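Below is one structure, written out as C-alpha cells, with a few remarks after it.
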Amino acid sequence: PNGVVVFNRQGQEVARNTTCPGLHGLAGNAAGKLYGCADGALLVTMNGTTPAFSKVTHATDPRFGVGTVWARDGQSNFLVRMSIRGQPVSSATRAIGIAQVSSRTMTPITIPGNEIDWTADIDHSGRHALILGRGGNLHVVDMSTRQVTGTLAGLVPPMPTSGTVLTPFFGFAEGVAYITSPTQGRVYEIAISSSGVPTIARTMNVGGTPERIAVLGVRENRSLQR
C-alpha cells in the first residue's frame, strides 16, 4: 500500500494521503484511525464529513516507525509497536509505546529488564495494555501513565530463537484476559484487578497447539434495579 484513501458512503473519493511510506498496521477507535508508517504513524480523523490527516511521531527519535497498532473502544489512545526499520532487533531499536492522540506523539513503555515484546493487546476496558515479553513474562501497563502495574513472570515458555515460532494470542472479557500457550497446549485465564494487577484465575489444558482464540458470550456483567 502506498496511501490512504477516504470515501463517502456513496463510494465517492473525498480525500487521499500518500505521505505514509512503508504503510503497515491499522486500528481504529472513536478518536480516529491510525496507520503505521516507516517514519511514525498517520492519524485519520473526521471533522463532520471532512477528513484530516496528522502525522504522529516518536517523542524523541524520529527514526522510529510503526508496524502494528492496537485500539479498543473506550480508549482514545493507541498501543503501537515501534521500531527502527532495517536495524537488528534490540531494546534500543524496538519498543511498545502509547500513541497519544492529543499530542500527536508516541512514547515508549519501559518494560522491566528491557524485555523485548513478543505480542501485545489492550484489555476489554481499554485501561490496560498487556505485553507478553519474549522471555515469557506478562506485563500489565496503565494506558494513561505507561507504568507497569503488575507482572506474571514465566507465564509461558520463552520465545524460541530458531525453528517454528507459534505466537500466543489474547482474548478479552470484562475483568479478564485469556492467553494461549501453543507449546503447552494451554489457555490461561488472567484476572486483572481495577488497579491493573494480574493473577492466574484458571489454567485450561486444552491440548494440541492452541494459537488463536475467540471469546464468546456475555461481554459485561450488569445488574438492573427496579
Side-chain angles (χ1 to χ4, degrees), residues 22 24-25 27 34 36-41 56-72 75 77-101 103-123 126-170 172 177-184 188 190 192-193 195-200 211:
H24 184 74
L34 190 71
C37 310
D39 57 353
V56 181
T57 56
H58 191 285
T60 60
D61 192 337
R63 295 177 300 165
F64 277 87
V66 172
T68 307
V69 184
W70 295 271
R72 187 71 63 194
Q75 173 57 247
N77 294 326
F78 297 85
L79 188 68
V80 293
R81 175 180 287 123
M82 305 179 291
S83 66
I84 301 176
R85 299 185 185 182
Q87 297 295 315
V89 175
S90 71
S91 59
T93 62
R94 176 180 169 117
I96 293 288
I98 305 295
Q100 298 173 308
V101 172
S103 64
R104 303 295 198 263
T105 59
M106 304 180 299
T107 308
I109 295 167
T110 301
I111 302 176
N114 288 323
E115 188 174 14
I116 299 173
D117 68 278
W118 187 355
T119 188
D121 209 332
I122 303 173
D123 78 345
R127 294 192 299 269
H128 302 109
L130 276 72
I131 303 172
L132 181 68
R134 295 189 177 190
N137 307 307
L138 178 66
H139 309 281
V140 179
V141 178
D142 188 299
M143 285 286 293
S144 298
T145 65
R146 293 183 291 107
Q147 299 301 307
V148 175
T149 56
T151 294
L152 289 175
L155 179 64
V156 301
M159 177 180 171
T161 57
S162 62
T164 301
V165 177
L166 299 175
T167 300
F169 192 82
F170 288 108
F172 298 97
Y178 297 89
I179 181 170
T180 62
S181 180
T183 58
Q184 294 177 303
Y188 292 100
I190 309 298
I192 304 173
S193 71
S195 59
V197 177
T199 55
I200 299 176
E211 194 169 6

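Both backbone and side-chain heavy atoms feed into the values below; hydrogens, waters and symmetry mates do not. Note that this is a predicted model, so its numbers are computed, not measured.
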Just verifying a value: how many Å separate [X] [atom1] and [Y] [atom2], rounded to the nearest 0.5 Å?
X    : Y    : atom1 : atom2 : value
I84  : D61  : CD1   : CG    : 5.0 Å
L155 : I179 : CG    : CD1   : 5.5 Å
L138 : I131 : CG    : CD1   : 9.0 Å
S181 : L132 : OG    : CG    : 9.0 Å
S144 : Q75  : OG    : CD    : 6.0 Å
R63  : S83  : CZ    : OG    : 11.5 Å

Can you name the one residue among [options] that meets side-chain contact (heavy atoms from CB on, under 4.5 Å) with [X]?
X    : options              : result
W70  : V80, L34, I122, L130 : I122
F170 : D123, I190, T119     : T119
N77  : R72, Q100, M106      : Q100

Looking at [X] and [Y], what are the two nearest heavy atoms and their distance?
X    : Y    : answer
T151 : P112 : OG1-CG, 4.5 Å
V66  : M82  : CG2-CG, 4.2 Å
H128 : S195 : NE2-C, 4.1 Å
H24  : G67  : CD2-O, 2.8 Å
C37  : R85  : O-NH2, 3.3 Å
G150 : P198 : CA-CD, 3.6 Å

Spell out, as yes or no, whether a donor-acceptor pair under 3.5 Å connects the side chain of [X] to the backbone of [Y].
X    : Y    : answer
T93  : P88  : yes
E211 : T167 : yes
T180 : P182 : no
W118 : M159 : no

### Query
Partners of R146 by salt bridge (charged side-chain N to carboxylate O under 4.0 Å, His left out), sequence neighbours excluded?
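Checked R146 against salt bridge (charged side-chain N to carboxylate O under 4.0 Å, His left out); zero matches.
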### Task
Kindly indicate, with the supporting measurements, whether the criterion side chain to side chain contact (heavy atoms under 4.5 Å, CB included) is fulfilled by H139 and I96.
CA-CA 12 Å; H139 309 281; I96 293 288; over 6 Å; no
### Query
Do L79 and D121 touch side chain to side chain, with heavy atoms closer than 4.5 Å?
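When only atoms from C-beta onward are counted, D121 and L79 do not touch, as no gap falls below 4.5 Å.
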### Query
Can you list every salt bridge (charged side-chain N to carboxylate O under 4.0 Å, His left out) pair that touches residues 107-120, not counting sequence neighbours?
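For residues 107-120: R81-D117, R94-D117.
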### side-chain hydrogen bond (donor to acceptor under 3.5 Å, both in side chains) involving Y178 - partner list, sequence neighbours excluded
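Partners of Y178 under the side-chain hydrogen bond (donor to acceptor under 3.5 Å, both in side chains) test: E189.
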